[in-house]
Engineer: 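Here's a structure for you.
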Amino acid sequence: MTALQLVYAANIIVAGYIGITSLFFPKLSAATVFQNAYPSSDIIRLVGCLWLAIAVLSLFGLWRPFVFSPVLLLQLIYKGSWLLVVAIPAIKNNQSYPSGMAAFFLVWVLVLPFVIPWAEWVR
C-alpha cells in the first residue's frame, strides 16, 4: 500500500465515521467531534455531508490513487483555512474551539503536501 493509499484509508475511516455521525447523529457529533464548542445544528449535518463525500471519494482513491488525488488538495485547503481563520483566532482570544479537531487538522496539513502527487498534475 502506497502513502497515498494509506491517506485514503485514513480518510475512509476517520471522515467516514465523522461524516455518518455528523449527518445522522448531530447531537453526538456536537459533543464528541466538536467537543461542545458549537451547538448541534444543521450546519453540523452539512459538514457531515462534506466529510462523507470525502470518505466516498477516498474509497475510489484506493483503486485510482492519482485520479482521485484532488480530494486531498481540497482537504489541504479547507483544513488549512479553518486553522488560520477559526482555530488560531480562538486560541489567541481564549475562546472555545474543538482542540482535537484542530490537532488532527494540523497533522493533516503537515502531511498532505508530502503525499499529494504534485508531479503527476503538471504532466
Engineer: Would you kindly confirm whether Leu110 and Trp118 end up in one hydrophobic cluster when ILVMFWY residues are joined by side chain heavy atoms under 4.5 Å apart?
Structural biologist: yes

Engineer: According to a 4.5 Å side-chain heavy-atom criterion applied to Ile, Leu, Val, Met, Phe, Trp and Tyr, with indirect links allowed, do Val86 and Leu74 form part of one hydrophobic cluster?
Structural biologist: yes

Engineer: Does CZ in Phe60 sit with more than 12 non-hydrogen atoms of other residues, nucleotides or ligands closer than 6.0 Å?
Structural biologist: no

Engineer: Are Leu28 and Ile44 connected in a single hydrophobic cluster, I mean Ile/Leu/Val/Met/Phe/Trp/Tyr linked by side-chain heavy atoms less than 4.5 Å apart?
Structural biologist: no

Engineer: Tell me the closest heavy-atom pair linking Gln35 and Tyr97, and the distance in Å.
Structural biologist: OE1-O, 4.3 Å

Engineer: Taking atom OH of Tyr38 as the centre, report whether more than 12 heavy atoms of other residues, nucleotides or ligands fall under 6.0 Å from it.
Structural biologist: yes

Engineer: Would you say the side chain of Phe34 lies within less than 4.5 Å of the side chain of Ser29, judging by non-hydrogen atoms?
Structural biologist: yes

Engineer: Specify the closest pair of heavy atoms between Leu62 and Gln5, including all atoms of both residues, with the distance to one decimal.
Structural biologist: O-NE2, 2.9 Å

Engineer: Flag the pair Val14 / Trp51 as yes when at least one side-chain heavy-atom distance between them is below 4.5 Å, and no otherwise.
Structural biologist: no

Engineer: What is the minimum heavy-atom distance between Leu4 and Pro65, and which atoms define it?
Structural biologist: CD2-CB, 3.5 Å

Engineer: Assess the residue pair Leu73 and Ile77 against the criterion (side chain to side chain contact (heavy atoms under 4.5 Å, CB included)); give the C-alpha distance rounded to whole Å, side-chain angles, the decisive distance to 0.1 Å, and a yes or no.
Structural biologist: CA-CA 6 Å; Leu73 181 60; Ile77 292 168; 4.0 Å; yes

Engineer: Of all heavy-atom pairs between Ser69 and Trp121, which one has the smallest distance, and what is that distance?
Structural biologist: OG-NE1, 2.9 Å

Engineer: Hey, any chance Phe24 and Ile18 share a hydrophobic cluster, counting ILVMFWY side chains that come within less than 4.5 Å of each other, even indirectly?
Structural biologist: no

Engineer: Please name the pair of heavy atoms, one in Ala90 and one in Ser96, separated by the smallest distance, quoted to 0.1 Å.
Structural biologist: CB-O, 4.3 Å

Engineer: Looking at Leu50, Leu57, Val56, which hits side chain to side chain contact (heavy atoms under 4.5 Å, CB included) with Ile54?
Structural biologist: Leu50

Engineer: Quick one: does Val47's side chain get under 4.5 Å of Val33's, heavy atoms only?
Structural biologist: no

Engineer: Side chains of Trp108 and Asn11, heavy atoms from C-beta outward: is any pair under 4.5 Å?
Structural biologist: yes

Engineer: Hydrophobic cluster membership, with links at side-chain heavy-atom distances under 4.5 Å among I/L/V/M/F/W/Y: are Leu72 and Leu52 in one?
Structural biologist: no

Engineer: For Tyr8, run the side chain to side chain contact (heavy atoms under 4.5 Å, CB included) check against Val71, Thr2, Leu59 and tell me which one passes.
Structural biologist: Val71

Engineer: Is there a side-chain contact between Phe105 and Tyr78 (heavy atoms, below 4.5 Å)?
Structural biologist: yes

